[in-house]
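Both backbone and side-chain heavy atoms feed into the values below; hydrogens, waters and symmetry mates do not.
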Amino acid sequence: MQTPRLPDPDAPVARGTLDQAIELLRGRTLAVLTGAGVSTDSGIPDYRGPDSPPRNPMTYDQFVGDPDFRRHYWARNHVGWQHVRRTHPNAGHLALVRLEERGIVRGIITQNVDLLHEDAGSRNVIDLHGRYDRVICLQCSRVISREHLAERLDALNPGFVESIGKVEDIEIAPDADAVIETTAHFRPAPCEFCGGVLKPEIVYFGENVPRERVDRAFAMVDDAEALLVAGSSLTVMSGLRFVRRAAKDGKVVVIVNRGATRGDPLATLTVDAGVSEALTELAARL
């Protein structure tokens with residue numbers, strides 16, 4: 001059998017309507033790739049949406065190579081993670097649960113670390129970039145809960161969170177990083193088992209997604225008859241590679257997002273729409 005050719009990245013983008021997307025996806029099993037746009041209606045901002053402020057997330061090299069960067073990160077995260085853990089799934093997350101229960105959605109690959117798909121009830125979820133509620137030691141590889149670390153950080157930094165102000169009044173990034181400036185007096189916690197450096201179990205910019213996780217995600221795409229991308233700009237290769245895989249295999253690829261994405265030239269159809277509303281409509285009509 002002849003291998004389908006990868007679409008020309010310079011080809012015109014096939015923009016369309018949600019009605020057209022439903023016709024393309026109807027009768028097909030789906031793998032779903034989600035990005036920060038699926039969680040904005042839960043109160044978690046995205047990185048690259050049309051209305052998002054400029055962000056410069058910390059890189060892996062900065063985190064592991066500079067104690068000042070680590071201190072600054074943990075101070076901000078100690079405030080920001082409390083916001084993320086108080087969020088709840090929105091209508092888009094719940095729509096994907098209904099589609100999975102009916103056997104239409106085979107699984108979800110999410111670039112988010114907020115666990116809202118699991119909280120909503122989705123069962124087959126690959127947390128591509130990790131999860132905000134776990135912390136790993138870079139020396140001994142022990143994993144602890146973020147909640148346990150919070151107790152230790154509170155003990156080391158009494159009154160710090162209260163000194164910043166109300167969490168709901170502070171700008172929060174999708175990785176639970178709070179936008180605060182004064183962190184010089186914050187004391188990070190070392191690993192309580194070996195004294196090593198603790199890092200959120202999240203894939204940082206400049207860090208590779210674990211190979212086993214990538215392989216499971218490719219298998220999920222291969223197992224489905226179409227790929228639906230929801231709320232991702234596909235700016236980084238960790239997500240774009242799955243669009244490339246599906247397009248190379250000649251599968252239907254539908255992208256629903258506010259604004260253009262890096263994967264638009266590879267898509268069968270792109271729909272500029274709100275993610276929660278679009279997914280709710282898909283769940284009602286597929």
Side-chain angles (χ1 to χ4, degrees), residues 34-49 51-53 55 57-58 70-98 108 110-123 125-136 143-183 186-189 198-204 230-232 258 274-277 279-280:
T34 66
V38 81
S39 293
T40 54
D41 286 344
S42 293
I44 301 176
D46 58 13
Y47 272 114
R48 300 179 181 87
D51 301 318
S52 298
R55 301 188 191 277
M58 186 174 295
R70 286 199 298 274
R71 184 199 69 243
H72 191 56
Y73 175 83
W74 278 121
R76 292 161 62 113
N77 181 270
H78 190 48
V79 175
W81 90 284
Q82 299 184 52
H83 170 76
V84 176
R85 71 169 177 164
R86 293 171 186 166
T87 58
H88 300 285
N90 61 52
H93 297 106
L94 297 173
L96 290 174
V97 174
R98 294 196 296 274
I108 298 169
T110 185
Q111 297 172 284
N112 303 333
V113 300
D114 53 39
L115 301 181
L116 290 179
H117 286 300
E118 289 91 339
D119 290 346
S122 290
R123 291 167 294 177
V125 182
I126 297 173
D127 296 300
L128 193 65
H129 292 162
R131 37 191 296 170
Y132 83 100
D133 66 334
R134 292 177 180 170
V135 177
I136 187 169
V143 176
I144 63 172
S145 72
R146 184 62 186 81
E147 187 170 5
H148 176 62
L149 179 61
E151 295 172 358
R152 296 183 61 208
L153 291 175
D154 279 337
L156 287 169
N157 302 277
F160 177 79
V161 173
E162 292 76 10
S163 72
I164 299 302
K166 294 181 179 179
V167 172
E168 55 267 29
D169 294 334
I170 298 170
E171 183 185 344
I172 308 293
D175 59 357
D177 185 21
V179 181
I180 56 178
E181 300 301 327
T182 305
T183 64
F186 188 83
R187 295 177 60 195
L198 294 176
K199 173 186 171 292
E201 200 174 37
I202 294 172
V203 177
Y204 279 20
S232 175
R258 284 292 189 198
V275 176
S276 294
E277 297 85 353
L279 292 176
T280 300

Suppose we screen for salt bridge (charged side-chain N to carboxylate O under 4.0 Å, His left out). Which residues come up paired with [X], at least two apart in sequence or across chains?
X	result
Asp133	Arg131
Arg123	none
Arg134	Glu201

Legend entry - Backbone of Gln111 reached by a side-chain donor or acceptor of His129 within 3.5 Å: yes
Give, for atom [atom1] of [X] and atom [atom2] of [Y], the distance between the pair rounded to the nearest 0.5 Å.
X	Y	atom1	atom2	result
Leu116	Ser122	CG	OG	10.5 Å
Asp119	Leu94	CG	CG	10.5 Å
Asp41	Glu277	CG	CD	6.0 Å
Leu128	Ile108	CG	CD1	13.0 Å

Legend entry - Member of Thr110, Thr87, Asn90, Asp114 meeting the side chain to side chain donor-acceptor pair (under 3.5 Å) criterion with Ser39: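 With Ser39 as partner, Thr110, Thr87, Asn90, Asp114 yield a single side chain to side chain donor-acceptor pair (under 3.5 Å), made by Asp114.
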Legend entry - Partners meeting side chain to side chain donor-acceptor pair (under 3.5 Å) with Asp154 (sequence neighbours left out):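 Asp154 satisfies side chain to side chain donor-acceptor pair (under 3.5 Å) with His78 only.
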Legend entry - With sequence neighbours excluded, residues passing side chain to side chain donor-acceptor pair (under 3.5 Å) with Arg98: none
Is any side-chain heavy atom of [X] closer than 4.5 Å to a side-chain heavy atom of [Y]?
X	Y	value
Thr34	Leu96	yes
Trp81	Pro200	no
Asp127	Glu118	yes
Arg146	Arg85	no
Val135	Trp74	yes
Phe160	Leu153	no

What's the shortest heavy-atom distance between [X] and [Y], and which atoms?
X	Y	answer
Val97	Ala120	CG2-O, 3.6 Å
Gly43	His83	O-NE2, 3.0 Å
Leu149	Ala189	CD1-CB, 3.9 Å
Ala230	Val275	CB-CG1, 4.0 Å
Pro89	Ser42	C-OG, 3.7 Å

Legend entry - Partners passing ring-ring contact (aromatic ring centres under 6.0 Å, His included) against His93 (at least two apart in sequence or in another chain): His117
